[in-house]
Amino acid sequence: SALAALEGELATLVAERPVPAEDQLPGMGDEAPLRFAAYAGGAEVLEGEAGSLGELLAGWGSRPVVAHDWKSLAAAEDRCETPLLEHDTEVAAYLIDPARRGYPLAELIEETGLGATVKDGGEPAERAVLTRALAVRQRAILEELDLTRLLSEVELPLVEVLVEMERAGVKLDVETVRSIAARVGEQALALEREIWELAGEEFTIGSPQQLAPILFEKLGLSRKRRGKTGFSTDARVLHAIRGEHEIVPKIETWRELTKLKSTYLDAFPSLLGPDGRLHTTFQQTATATGRLSSTNPNLQNIPIRTELGREIRACFTAEAGHRLISADYSQVELRLLAHIAGEEVLKDIFRRGEDVHTATAAEILGGGRDSARTPDASQPHPDPGTRSKAKMVNYGIVYGLSAFGLADRLQIPHEEAQAFIDRYLERFPAVGRFIEATVEKAADDGFAATLHGRIRRIPELRARQRQTRLLGERLAVNMVIQGTAADIIKVAMVRCRAALREAGSSTRLVLQIHDELLFEAPESEVEEACEIVRREMAGAFEMDPPLEVDAGAGVNWLEAK
DNA sequence: AGTCGAAGCCAC
DNA sequence: AAACGTGGCTTCGACT
Ligand SMILES: Nc1nc2c(ncn2[C@H]2C[C@H](O)[C@@H](COP(=O)(O)OP(=O)(O)OP(=O)(O)O)O2)c(=O)[nH]1
Ligand SMILES: [Mn+2]
Ligand SMILES: [Mn+2]
């Protein structure tokens, strides 16, 4: 075909539907034709129209493709054979500078100083030429920054995996969602009346500007922090004053109920696809550290902490005859910290098979008689809420939590908080050295880097304001660890996809939640898929201590975890 | 009617 | 308010 015959290399494809099917799932059949243009560096730009991406690519041949934001194009179209992705100018721009707001093609072209006119060509033709020119420039920069392998071996192979995940979606038990929503709605209304009664007036509970004067002036409750507009009424403040007036716990509960109802219960039914499943969009170029994000809806922040939250999580189900498999790295960033910092005390804890979050839970929140004893492999089980709080403490301290911050979060005296932080850092002496070395190198280089070479510029380190520089120090340390964890799970995703395919498995990856992969597997494949996933995730990066994976299966997400 | 920032809060 | 980090979504209230 003409497409296959296009001369040159870095064959670049631009394709768009003139009336983009906004928020619409593929396969509706009423879309406008796909206008496309292709250019490979020769004398000719090819332009045309096709009914679908599949039809267009049928003439493409086996040549790899260059594009800008290939994932959006592919995910919006029906499943079809796609060529290898050789370069994506959006993803490349993200690797070069991941802290930017966005990567619109026009902006990248403009700032690179590129221009083109195509004789007798339309706008897509020009865009094909410019996209290719941008790709050429970027490839030189990527080479200089040592980002070529990260792009070609991790990010680009990941694109196809993400497209499959978005297409697959995840099943939602919408009937149960509706019934929980109805129940919670009634509870919230009842609470609202009680709150008004206790306040002596009707007001908008959801307005902190109206709530604050009632709590702190009318009822005279203790003020804690203040923000730009007045005294804070956030959850930590309410928790601290919950004993002062019976209205406070009611507001706390009202907040929890209405939050979960509006964000999840009410939102999901309208977001269901025709297949009865929720289809998120994974953003590959949104975070400064290399993590993915999830939008419309965000399926990376499904509740789990409270009882109602767990009910909501249980509404994420497997198709009949299937199971969900959840595979989550154990204490992943603490393990990475031990590895990167060479922290032998921390390594020892992992070697003994212990759980640092659990140990911290016992130590600071446990209160039990023998809970302060040196933890062993048979540590007592803290309740999930307590371990979760301990997790926040562990990562908080590593990433620069102050004694003020810890005292506020744990509701303890400053001195106690300071002592805990001091003791923590004394016990793991290599952590402090790692932090210092990381900050110094980042200040020197102007950027922090992950073990896979992903970089994040840290201009904050060169700011004149001390406060901003300290922020830069925390950003640098966090980038190294969180970013490496992000690299690792991306590698794992590509490995899992390949290994499942190799095994002839029809188990599908459906969600990524930062250090967790959620799969949907036919019942008969669950055991094999579990083992494959464990192996591929644990093997995604060799380190000391090794990565460990907690995997489980169930008919819903809650059971699987 | 839409946009914006602030506050707040869900998750990792 | 304070100096854990990474996100996205909802509500309110001011504004265009
Ligand atoms: N800075 C910071 N990072 C967090 C926080 N919560 C989670 N993370 C990061 C670090 C974790 O390794 C990573 C994955 O979260 P998880 O909930 O899976 O925790 P983790 O793997 O540490 O423990 P796990 O054994 O899975 O329960 O996300 C937090 O409160 N602060
Ligand atoms: Mn984990
Ligand atoms: Mn996790």
Side-chain angles (χ1 to χ4, degrees), chain A residues 98-99 203-212 223-238 251-252 255-268 271 280-283 285-306 308-309 312-313 328-329 331-333 337 388 391-409 414 417 421 424 435 448 456 458 460 465-483 485-486 489 511-516 557 561:
Chain A
F203 67 103
T204 305
I205 304 170
S207 166
Q209 277 181 67
Q210 293 182 43
L211 180 61
R223 308 155 186 214
K224 302 292 179 186
R225 303 187 307 275
R226 62 173 311 149
K228 291 174 179 167
T229 56
F231 287 96
S232 169
T233 70
D234 72 20
R236 283 184 354 232
V237 170
L238 293 188
I251 294 169
E252 290 181 285
R255 283 246 178 100
E256 183 199 342
L257 299 187
T258 55
K259 169 82 178 179
L260 296 183
K261 181 169 187 291
S262 67
T263 307
Y264 306 99
L265 299 168
D266 291 345
F268 286 162
L271 293 170
T280 188
T281 299
F282 286 104
Q283 304 293 337
T285 61
T287 75
T289 56
R291 277 188 173 188
L292 299 177
S293 76
S294 162
T295 62
N296 199 7
N298 181 356
L299 296 183
Q300 291 180 320
N301 72 340
I302 301 307
I304 193 166
R305 288 207 326 273
T306 66
L308 175 58
I312 294 172
R313 187 167 281 230
D328 186 306
Y329 284 115
Q331 312 168 75
V332 61
E333 288 182 30
L337 175 67
S388 157
K391 194 183 285 186
M392 205 163 43
V393 170
N394 283 329
Y395 290 116
I397 292 177
V398 171
Y399 296 125
L401 185 62
S402 67
F404 287 102
L406 185 62
D408 188 27
R409 285 169 177 78
H414 287 179
I421 293 172
Y424 194 100
I435 291 173
R456 171 184 182 176
I458 317 268
E460 289 86 352
Q465 277 207 349
R466 176 185 145 84
Q467 189 173 314
T468 305
R469 282 200 309 277
L470 289 173
L471 171 65
E473 296 184 1
R474 298 193 298 276
L475 297 181
V477 172
N478 181 253
M479 170 64 188
V480 174
I481 311 258
Q482 186 184 110
I489 195 159
L511 292 179
Q512 186 253 43
I513 311 95
H514 306 303
D515 78 326
E516 172 186 2
W557 193 356
K561 265 215 106 129

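Per chain, numbering begins at 1; letters A, B, ... match sequence-line order.
A/Gln210 places its CD atom 9 Å from the C1' atom of C/dC12, with the value rounded to the nearest Å. For the pair A/Leu211 CG and C/dG13 P, the interatomic distance rounds to 11 Å; values are reported in whole Å. Across the protein-nucleic acid pair, A/Gln283 atom CD and C/dT6 atom P stand 18 Å apart, rounded to whole Å. If you take CG of A/Leu337 and C1' of C/dG5, they are 14 Å apart, rounded to a whole angstrom. For A/Arg466 and C/dA3, the CZ to C1' distance is 10 Å, given to the nearest whole Å. Rounded to an integer number of Å, the gap from CD of A/Glu473 to C1' of C/dC4 is 13 Å. C/dG7 atom P lies 18 Å from atom CG of A/Leu299, rounded to whole Å.
Residue contacts for A/Leu471: at a heavy-atom cut-off of 4.0 Å it reaches the sugar-phosphate backbone alone, with no base atom in range. Looking at heavy-atom distances under 4.0 Å, A/Ala486 makes no contact with the nucleic acid at all. Looking at heavy-atom distances under 4.0 Å, A/Lys261 makes no contact with the nucleic acid at all. If you check every strand for non-hydrogen atoms under 4.0 Å, A/Leu475 touches sugar and phosphate atoms only.
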In B/S/- notation (B base, S sugar-phosphate only, - none; protein heavy atoms under 4.0 Å), nucleotides 5-12 of chain B written 5' to 3' is -SSBBBSB
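Of all the heavy atoms in A/His414 and A/Ala407, the pair that sits closest is CD2-CB, 3.5 Å.
Comparing B/dG5 with C/dC4, their P atoms sit 24 Å apart, to the nearest whole Å.
Partners of A/Glu333 under the salt bridge (Lys or Arg N to Asp or Glu O under 4.0 Å) rule, at least two apart in sequence or in another chain, are A/Arg291. Residues forming a salt bridge (Lys or Arg N to Asp or Glu O under 4.0 Å) with A/Lys561 (at least two apart in sequence, or on another chain): A/Asp328, A/Glu516. Judged as a ring pair (Phe, Tyr, Trp, His ring centres under 6.0 Å), and not counting sequence neighbours, the contacts of A/Tyr395 are A/His357. With sequence neighbours excluded, the residues that form a side chain to side chain contact (heavy atoms under 4.5 Å, CB included) with A/Arg255 are A/Leu211, A/Thr233, A/Leu238, A/Ile251. With sequence neighbours left out, the side-chain hydrogen bond (donor to acceptor under 3.5 Å, both in side chains) criterion links A/Arg305 to no other residue.
Remark: A/Arg456 is in phosphate contact with C/dT6, judged by side-chain N or O atoms under 4.0 Å from OP1 or OP2. Look at A/Thr289 and you won't find any side-chain N or O under 4.0 angstrom from OP1 or OP2 of C/dG7. OP1 or OP2 of C/dG5 has at least one side-chain nitrogen or oxygen of A/Arg474 nearer than 4.0 Å.
Positionally, the nearest nucleotide of DNA chain C for A/Glu333 lies more toward the 5' end than for the other of A/Glu333 and A/Pro297. Mapped onto DNA chain C by nearest heavy atom, A/Ala403 and A/Ser293 fall at different nucleotides, with A/Ala403 at the one closer to the 5' end.
Using a 3.5 Å distance cut-off with no hydrogens or angles, the side chains of A/Gln209 and A/Thr229 do not pair a donor with an acceptor.
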